[in-house]
Amino acid sequence: MPTRETSFIEKMKKMNRNILVFYGSQTGTAEGFAHQLAKDAQRYGLKAMAADPEEHDMSDLLRLPEIDNSLAVFCMATYGEGDPTDNAQAFYDWLQVTGDRLEGLNFAVFGLGNKTYEHFNAMGKYVDKRLSELGARRIFDLGLGDDDGNLEEDFLSWKEEFWPAVCKFFGVEPTTQEGSIRQFELVVHTDINTNEVFTGEIGRLKSFQIQKPPFDSKNLFLSSVSVNRKLNKGGSRHYMHLELDISGSHIRYDSGDHVALYPTNDTFLVNRLGELLGVDLDTIISLNNLDEASNKKHPFPCPTSYRTALTHYLDISSPPRTNVLFELSQYASNPKDQETMRTMASSSSEGKDMYQNWILAARRHLLAVLEDLPSLKPPIDHLCELLPRLQARYYSISSSAKVHPNSVHVCGVVVEYTTSTGRTNKGVATNWLKNKEVTDNGHKHTVPMYVRKSQFRLPFRASNPVIMVSAGTGIAPFIGFIQERAWLKQQDVCLCLYLSLFYQGRMLVRQSSTIAAVTGTRTSCTRRSWRPLRGCLIISFLSIALDLNFHQHDFCSFLLMKISFSCSLKPCSINGSILF
């Protein structure tokens, strides 16, 4: 059994909590939902706490019935090909092997997934099914959120029916307390040593100044940009190829892995927010959790300045979630503005339509909301408490470590568009990367990063043929695959001469020579490509999937069916590629 010091059971008993909300989160959305549920519990007179399964021994669930009227809620995101998120991996492993019975455990599950992926909400479904198999009691139906639609709306709809079921289970009246409930307390530092202030570090203070391997999500490597090249000459879009120097970092990667990059927000947006709210952005502050039971002491690294928080730690470019609108509505001095915000935050049909049209369709970010609702003047500390964390951007590595052991390559398309309100919205990460130009003056731009392992791999046997299907920048990992096969060919390894890529998109058709440049191989996009080209073959996929209204996975399934009828090979589909 876990020791008293690490047991969430002991913490719940000490803090008089009976509801525990676990989250399996990769990008922070599930974590945000878990904290919403824990906060909502207070509105119903219940006491809950959110918890990261990675920080606890999950066999402690066996003891949860020791607490009267206890409930475990799981907000579980699915990552990759039906896999658990990194912080839920150990919990998943335990569920698979445990033979312990969980009679007396009450639970509910909300899953986060995307229907365009084959294994939709696999983790949420598995946790719900496995807990029931082990004898636990499901008090409310499994919720399935779909990020291909409106994930937050799915969560709100599930939550709207979840709380009445919980109230019935606990025998309390399903009435909520109105008003805002603060989770963090503001502390302003007027006399503090600057060496104690976070300036953008994710984990360890001064980790960017003093780099110590190994590098991971809590200890980022500050890589310098050695190449930043625009791939196309014509057209309105900007396709870019970047190379990140990892010399001396001891970072190792394989073709198919991902690199996590940590961008910063546009300086203009940050400064404009400071102007609208009338605050000194260089004020050093800490936001301290009022809940002593929470392991999350601050919403972001503290102490730090408002400027650093808005630049490095908080997502200010995404459309604000409905819970944020509800909390901020109290700061609108105009009753009409306040009513508009509360309607959009509601679960009514009118509110959902208004939120869809005024926020999502118009792509209004926080600054746009403040500009279009001029009476809205929230205190900046509450705003910082409510905003979600700025997340890492994961890019498929477009290089092979066998060819480029000291650099990681990425490719992307710069995102920039005009909204229906006439504003120009810019993609956070792609514009941040675009501006990291390589100069001759000795100054090198840096990028905080780490490499995340993937299950997306070439066949172990190099003699196996490969058919790859991609759309747009989905071509990135395949560039690394082509480099690796070409390198193996140079080593006189016996391999299949046919490496075929079916590609839907403009970049390859217009810039087929670029693929040759970044892979170091001979390529072609013409019908003549059917002749062997010494280790690789690229042919263009001319919008077949688009014409047939196929998703990428649908097209893979279509190819699998055709292949199975025409030959004796037994292929399998993995993440958009077909491997034999």
Exercise for the section: With side chain to side chain donor-acceptor pair (under 3.5 Å) as the test, would you mind laying out the steps for H298 and N288 before giving the verdict? Expected result: CA-CA 5 Å; H298 313 282; N288 300 330; 3.2 Å; yes

Exercise for the section: Kindly indicate, with the supporting measurements, whether the criterion salt bridge (charged side-chain N to carboxylate O under 4.0 Å, His left out) is fulfilled by E31 and R389. Expected result: CA-CA 10 Å; E31 180 181 0; R389 287 290 296 271; over 6 Å; no

Practice task
Assess the pair F184 and F300: is the distance between their ring centroids shorter than 6.0 Å?
Solution key: no

Exercise for the section: With D291 as reference, evaluate R17, K297, K39, Q42 under the side-chain hydrogen bond (donor to acceptor under 3.5 Å, both in side chains) test and give the passing residue. Expected result: R17

Practice task
Going by the side chain to side chain contact (heavy atoms under 4.5 Å, CB included) test, name the single residue among L386, D315, I359 that passes it with P320.
Solution key: I359

Practice task
Could you tell me whether the side chain of S329 and the main chain of F326 form a donor-acceptor pair under 3.5 Å?
Solution key: yes

Problem - Q183 side-chain N/O to I181 backbone N/O, donor-acceptor pair under 3.5 Å - result: no

Exercise for the section: Kindly say whether K115 contributes a backbone atom to a donor-acceptor pair with the side chain of D146 at under 3.5 angstrom? Expected result: yes

Handout entry: Neighbour count above 12 (heavy atom, 6.0 Å) for K453 NZ
Key = yes

Fill in the blank from the handout: For P213 and S249 the tightest heavy-atom approach is CB-O, 3.9 Å

Exercise for the section: Of all the heavy-atom pairs spanning G111 and L142, show the shortest one and how long it is. Expected result: N-CD1, 4.4 Å

Handout entry: Sidechain N-carboxylate O distance under 4.0 Å for E327, R182
Key = no

Handout entry: Candidate list R252, Q455, R457, test side-chain hydrogen bond (donor to acceptor under 3.5 Å, both in side chains), partner D257, passing option
Key = R457

Practice task
Measure from the side-chain N and O atoms of N69 to the backbone N and O of N18, and report whether any donor-acceptor pair falls under 3.5 Å.
Solution key: no

Fill in the blank from the handout: Between I202 and P301 the two heavy atoms that sit nearest each other are O-CG, 3.7 Å

Exercise for the section: Have a look at F74 and tell me which of F110, F91, F33 forms a ring pair (Phe, Tyr, Trp, His ring centres under 6.0 Å) with it. Expected result: F91

Handout entry: Interatomic spacing from CD in Q209 to OG1 in T199 - rounded to 0.5 Å
Key = 5.5 Å

Practice task
Look only at the side chain of E385 and the backbone of L287, and say whether a donor-acceptor pair between them is shorter than 3.5 Å.
Solution key: no

Practice task
Enter the distance from H35:NE2 to C75:SG here, rounded to the nearest 0.5 Å.
Solution key: 10.0 Å

Practice task
Report the relative orientation of the aromatic rings in F8 and F22; use parallel for angles under 30°, tilted for 30 to 60°, perpendicular for over 60°.
Solution key: perpendicular

Handout entry: T343 backbone acceptor or donor facing S346 side chain under 3.5 Å
Key = yes

Handout entry: Non-neighbouring partners of A122 that pass side chain to side chain contact (heavy atoms under 4.5 Å, CB included), sequence neighbours left out
Key = T78, H119

Exercise for the section: Indicate the atoms forming the closest heavy-atom contact of F140 with A165, along with that distance. Expected result: CD1-CB, 3.6 Å

Completion exercise
side chain to side chain contact (heavy atoms under 4.5 Å, CB included) test vs L134 passes for just one of T98, L62, L105, D100, namely T98

Handout entry: H312 ring center near F198 ring center (under 6.0 Å)
Key = no

Handout entry: Y262 six-ring centre to R393 NZ/CZ under 6.0 Å and within 45° of normal
Key = no

Exercise for the section: Using atom types as modelled and distance alone, determine if a side-chain donor or acceptor of Q330 lies under 3.5 Å from a backbone N or O of Q338. Expected result: no

Practice task
With Y44 as reference, evaluate F170, F162, W163 under the ring pair (Phe, Tyr, Trp, His ring centres under 6.0 Å) test and give the passing residue.
Solution key: W163

Problem - Inter- and intrachain pairs under salt bridge (Lys or Arg N to Asp or Glu O under 4.0 Å), touching residues 121-142, at least two apart - result: D128-R138, K129-E133, R130-E133

Completion exercise
Only one of K352, E161, E160 passes side-chain hydrogen bond (donor to acceptor under 3.5 Å, both in side chains) with S347, and that residue is E160

Fill in the blank from the handout: Note: I284 and P303 closest approach over all heavy atoms is CG2-CB, 4.2 Å

Handout entry: Exam field: side chain S207 to backbone E201, donor-acceptor pair closer than 3.5 Å
Key = no

Completion exercise
In terms of heavy-atom contacts, S396 and A476 come closest through O-CB, 3.7 Å

Practice task
Just do the side-chain contact (heavy atoms from CB on, under 4.5 Å) check on S305 and V197 with the steps written out, would you?
Solution key: CA-CA 8 Å; S305 68; V197 178; 5.8 Å; no

Handout entry: K13 NZ: over 12 foreign heavy atoms closer than 6.0 Å
Key = yes

Problem - Selection residues 84-96 - residue pairs positive for side chain to side chain donor-acceptor pair (under 3.5 Å), sequence neighbours left out - result: Q26-D86, D52-N87, T85-N87, Q89-D93, Y92-Q96

Practice task
To the nearest 0.5 Å, tell me how far M449 CE sits from L222 CG.
Solution key: 10.5 Å

Handout entry: G256 backbone acceptor or donor facing S454 side chain under 3.5 Å
Key = yes

Exercise for the section: Please assess L328 against L383 for the test side-chain contact (heavy atoms from CB on, under 4.5 Å), listing each intermediate value before the final yes or no. Expected result: CA-CA 8 Å; L328 294 182; L383 191 66; 3.7 Å; yes

Handout entry: Pairwise distance OH(Y253) to OG(S399) - rounded to 0.5 angstrom
Key = 3.0 Å

Practice task
Test side-chain contact (heavy atoms from CB on, under 4.5 Å) on V188 and I285 and set out the steps.
Solution key: CA-CA 4 Å; V188 177; I285 57 101; 4.2 Å; yes

Exercise for the section: Could you go through the side-chain contact (heavy atoms from CB on, under 4.5 Å) check for S317 and N265 one step at a time? Expected result: CA-CA 8 Å; S317 295; N265 287 310; 3.9 Å; yes

